[in-house]
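Position 1 is the first residue of the sequence; numbering continues from there. Atoms within a ligand are numbered from 1 in the order they appear, just like the ligands themselves. Only a predicted model underlies this, so the values are computations on that prediction, with no experimental measurement involved.
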Amino acid sequence: MSAGADRGLVVLVSGRGSNLRAILESGVGPRVRLVVSDNPAARGLAVAGEFGVPATVVAWRARAEFERAALRHIGVHRPCLVALAGFMRVLSAGFLARLEGWVVNIHPSLLPRFPGLDTHRRALESGAREHGCTVHWVDERLDGGTVLAQASVAVRPGDDERALAARVLEAEHRLYPATIARVLCGAARPGEALRDA
Ligand code: GRF
């Protein structure tokens, strides 16, 4: 795979789909060819529908089964990049290899701080003054992989989890489409940091 030309993007979701919406509303939106959800109740499926993008559910019974079926769907579109947007599963090295590593994710913390769940609560509990989000290449580790871009937000006195999450989510919605656009323009290959613009 390579990030160029007119090849498209496939987005994997599990839930709300607000990052998917941000991608679809951005300049790279027209390149989204397919949305795949492991969760039939994901609101992201309706978001895809609003934008006229095909969406499909691939149920997660076992990882190998999901990955086989997802690769079949993804392969039809020959995308140059797969973007995880609130996709709540860890993918295998074999799956990532089939996509030649062209898989990115957004995570709601400044990695390597707070991989995994409940990042906003953990940031507040740690007393951090700064929190944020990270776009990174995906590898087989939970929220592992080379960092492509980060956006920081201040933790304000009196913040609760909800207020902090909302501030981080706004940053996510700006950072993710912008970073995807840069990757699609060839600013990094899998595992590489972004080259300066
Ligand atoms: C986002 O905070 C994202 O960083 C994380 O899961 C959340 C998904 O939200 N991986 P949405 O489905 O994009 O609204």
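Atom CZ of Arg129 is surrounded by 12 or fewer heavy atoms from other residues, nucleotides or ligands within 6.0 Å.
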Could you pull out every N or O of ligand 1 that sits under 3.5 Å from a protein N or O, with the distance for each pair?
from	atom 1	to	atom 2	distance (Å)
ligand 1	2 (O)	Glu172	OE1	3.2
ligand 1	2 (O)	Glu172	OE2	2.9
ligand 1	4 (O)	Ile106	O	3.4
ligand 1	4 (O)	Glu172	OE1	2.7
ligand 1	4 (O)	Glu172	OE2	3.3
ligand 1	9 (O)	Arg16	NH2	3.0
ligand 1	10 (N)	Ile106	O	3.1
ligand 1	12 (O)	Gly17	N	2.8
ligand 1	13 (O)	Ser18	N	3.4
ligand 1	13 (O)	Asn19	N	2.8
ligand 1	13 (O)	Asn19	ND2	3.0
ligand 1	14 (O)	Arg16	NE	2.5
ligand 1	14 (O)	Arg16	NH2	3.2
ligand 1	14 (O)	Ser18	N	2.8
ligand 1	14 (O)	Ser18	OG	2.5

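Glu130 places no side-chain N or O within 3.5 Å of a backbone atom of Ser152 that could act as its donor or acceptor partner.
Between the CZ atom of Arg156 and the CG atom of Leu164 there is a distance of 9.5 Å, given to the nearest 0.5 Å. Here the straight-line distance linking atom OG1 of Thr146 with atom CG of Leu111 works out to 11.5 Å at 0.5 Å rounding.
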Given Phe87 and Val13, is the side chain to side chain contact (heavy atoms under 4.5 Å, CB included) satisfied, shown in steps? CA-CA 4 Å; Phe87 181 71; Val13 301; 5.8 Å; no

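Between the side chains of Asp38 and Ser14, at least one donor-acceptor pair of N or O atoms lies under 3.5 Å.
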